[in-house]
Undergrad: 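Next up is a structure, given as structure tokens.
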Amino acid sequence: MIDLSMIEWGDIAFATWETLVMTGVSLFFTILFGLPLGILLFVTSNGQLLERRGLYRVLSFIVNVLRSVPFLILLIVMIPVTVILIGTSLGVEGAIPPLVVATAPFFARLVENVLREIDRGIIEACQSMGIRTHRIIFGALLPEALPGLIAATTVTAITLISYAAMSGVIGGGGLGDLAIRFGYQRFQTEVMVITVALLVVLVQLIQHAGDRLVLHFTRK
Amino acid sequence: MIKIERLSKTYRVEGQEVSALDDITLEIGKGEVFGIIGRSGAGKSTLLRSLNLLERPSTGQVLIDGEDITGFDHNRLHTLRQRIGMIFQHFNLLSAKTVAGNIDWPLRCTGNLDAARRAERVSELLALVGLSEHANKYPAQLSGGQKQRVGIARALANRPRLLLCDEATSALDPETTQSILRLLLDINRRLGLTIVLITHEMQVIRTLCDRVAVIDGGRIVESGRVADVFLHPRHPVTRSMVAQGDPLTAAMLDPAHAFAQDKLRGTLVRLTYLGDVTYQPILSRIMAASAARFTILQGEVSSIKDLPFGQLLLELEGGNEDIRKVFAELDRHRIHHEVLQ
């Protein structure tokens with residue numbers, strides 16, 4: 001039987017808060033870097049508005065390299081960079097740079113694909129009206145892509161939750177850290193069960209909220 | 001207004017040169033409705049897109065009001081395109097914007113009107129295309145015909161002098177097609193707008209166009225007034241386009257296939273005529289002058305745009321002299337006739 005009386009609920013609440021902060025802040029920076037990168041990938045690709053084959057190849061290569069490094073290894077490789085950036089590689093702050101580096105290229109690729117799904121005819125219609133490229137991108141394409149972009153953000157947020165939990169391995173904070181230190185290293189199965197249950201609930205909530213938003217902004 | 005001179009376009013596909021347009025020369029007048037008809041892949045879409053440089057021609061010139069647009073830089077091209085409207089087969093509306101938002105979009109991006117003037121222009125355009133009640137709907141809530149009306153309003157927003165129609169009715173049912181064609185004709189007359197359209201449907205050309213060019217394999221194989229091309233198609237492609245979906249005309253162009261040969265004894269003659277003569281009792285007049293007898297095998301009296309016309313397939317029976325007299329009378333009344341067999 002699982003004995004819940006042993007559990008320090010205060011610790012769990014704090015760890016949940018830390019997970020939310022890590023995910024939230026990382027998501028913010030992931031969008032900050034990933035969205036422009038995704039747009040750039042799309043517009044510079046073959047046959048698109050600002051076709052630049054060389055630039056596309058370079059960007060695409062970098063994205064692929066970052067996406068092919070396993071997250072656990074990226075966490076370790078990033079330690080010196082993180083120390084330079086924010087002074088520590090530990091705790092909630094220390095987890096954020098590797099999280100962003102891991103998910104921004106992933107998000108960028110999702111953004112590129114969402115934009116690619118937009119009917120080519122819409123771009124042609126805008127061009128035929130003599131509308132400038134930056135207005136086509138920001139005034140027509142992004143609003144058209146909004147439901148897809150929200151869905152991509154949802155997927156990315158969920159990926160971040162699981163990555164954030166993994167950062168517990170190298171001393172990041174949050175539910176993952178709690179699960180490893182108490183649930184695994186001190187054999188408190190109850191803590192493990194509860195952290196996993198909380199992660200499941202978090203993921204469900206994010207997916208549900210994302211789906212609702214997508215539906216709200218879909219005009220088709 | 002538009003002069004296309006020796007226009008060619010070649011693509012490189014896997015190292016091979018593919019010719020999409022081959023030495024096209026055309027002239028389109030101000031206020032004219034000009035149709036380009038051809039099968040799919042004939043090059044009509046490339047030709048239409050050369051008029052606003054969505055396609056860059058490889059060689060040749062496109063002159064609009066005397067200026068060769070193929071040499072335009074980015075800025076001049078943007079300004080030019082703002083004065084050329086375009087509508088599309090699949091409408092290409094912005095699904096995230098309302099009907100009013102779609103019409104406002106080119107005004108907001110290109111015009112120099114303030115918000116109040118733009119709103120005024122949008123409601124003017126909505127009234128023009130008959131969609132005033134649907135201003136706040138999204139395109140997904142509209143029927144195909146209504147979507148194309150939004151497309152037309154959007155294309156007219158910046159008061160263009162030229163409207164390009166890319167298979168604008170090909171995705172619509174026949175009834176809706178007719179209502180869109182009527183709207184385009186109305187706009188052409190009221191605003192004096194020049195319209196260039198491409199289509200694969202002869203019916204569209206008959207309803208809307210003043211002149212037509214038939215394109216095949218990237219070349220113009222025939223062009224002229226719609227009535228002339230329609231009633232007297234010379235090129236095989238034109239003949240098949242005219243006959244397509246029109247069994248009546250098909251039978252008249254090729255009676256050997258349409259009628260049982262053993263039933264036919266006399267001379268088969270096809271008469272065609274245009275204009276006021278359509279309303280005159282020409283057959284009785286002509287036959288009164290001859291002892292020949294006639295049977296009407298096939299016939300159509302209708303109009304091409306506003307021009308009434310008739311075409312009749314007659315079987316004439318009688319002596320050579322009687323038939324000669326009939327032909328002389330036809331010539332006197334300026335009725336075109338050709339002996340088919």
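All of these numbers come straight from a predicted model, not from anything done at the bench. We name chains A, B, ... by the order of the sequence lines, and we start the count at 1 in each one.
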Undergrad: Can you measure from CE (B/Met86) to CD (A/Gln127) and round to the nearest 0.5 angstrom?
TA: 10.5 Å
Undergrad: Just checking A/His208: does its NE2 atom have more than 12 heavy atoms from other residues, nucleotides or ligands closer to it than 6.0 angstrom?
TA: no
Undergrad: Counting neighbours of CD on A/Glu51 that are heavy atoms of other residues, nucleotides or ligands and sit closer than 6.0 Å, is the number greater than 12?
TA: yes
Undergrad: Within this structure, what is the CZ-CG distance for the pair B/Phe88 and A/Asp119, rounded to the nearest 0.5 Å?
TA: 10.5 Å
Undergrad: Identify the heavy atoms of A/Ile122 and B/Leu93 that sit nearest to each other, and give their distance.
TA: CD1-O, 3.5 Å
Undergrad: Are more than 12 heavy atoms from other residues, nucleotides or ligands located less than 6.0 Å from atom CZ of B/Phe72?
TA: yes
Undergrad: Could you state the interatomic distance from CG (B/Asn158) to CE (A/Met129), rounded to the nearest 0.5 Å?
TA: 9.5 Å
Undergrad: Check whether more than 12 heavy atoms from other residues, nucleotides or ligands sit under 6.0 Å from atom CD of B/Gln16, and answer yes or no.
TA: no
Undergrad: Step by step, would you call A/Glu124 with B/Arg49 a salt bridge (Lys or Arg N to Asp or Glu O under 4.0 Å)?
TA: CA-CA 10 Å; A/Glu124 194 182 39; B/Arg49 279 165 174 68; 2.5 Å; yes
Undergrad: Under 3.5 Å, side chain of A/Glu144 to main-chain N/O of B/Ala96, donor-acceptor pair present?
TA: yes
Undergrad: Where is the tightest heavy-atom contact between B/Trp105 and A/Arg135, given as atom of each residue plus distance?
TA: CH2-O, 3.4 Å
Undergrad: Taking the side chain as every heavy atom from C-beta outward, state whether A/Pro143 and B/Lys97 have any pair of such atoms under 4.5 Å apart.
TA: yes
Undergrad: Compare every heavy atom of B/Asn92 with every heavy atom of A/Gly121, then report the nearest pair and how far apart it is.
TA: O-ND2, 3.0 Å
Undergrad: For B/Ser95, is it the side chain, the backbone, both or neither that has a heavy atom under 4.5 Å from a heavy atom of chain A?
TA: both
Undergrad: Using a cut-off of under 4.5 Å for heavy-atom pairs, which of B/Leu164, B/Thr110, B/Leu94 has the most such pairs with chain A?
TA: B/Leu94
Undergrad: If we define contacts as heavy-atom pairs under 4.5 Å, which of B/His90, B/Arg154, B/Gln141 has the most with chain A?
TA: B/Arg154
Undergrad: Within the side chain of B/Asn52, is there an N or O that forms a donor-acceptor pair under 3.5 Å with the backbone of A/Ser128?
TA: no
Undergrad: On a heavy-atom basis, which atom in A/Gly130 and which in B/His78 lie closest, and how many Å separate them?
TA: O-ND1, 3.3 Å
Undergrad: Return the option, out of B/Ala157, B/Ala140, B/Cys109, B/Pro106, with the maximum number of heavy-atom pairs under 4.5 Å with chain A.
TA: B/Cys109
Undergrad: Pick one of side chain, backbone, both or neither for B/Leu54, based on which atoms fall under 4.5 Å of a heavy atom in chain A.
TA: side chain
Undergrad: Quick check: are there more than 12 heavy atoms from other residues, nucleotides or ligands sitting under 6.0 Å from CZ of A/Arg116?
TA: yes
Undergrad: For B/Asn75 and A/Arg132, what are the C-alpha separation, side-chain angles and deciding distance, and is it a side chain to side chain donor-acceptor pair (under 3.5 Å)?
TA: CA-CA 9 Å; B/Asn75 280 325; A/Arg132 286 171 192 279; 3.0 Å; yes
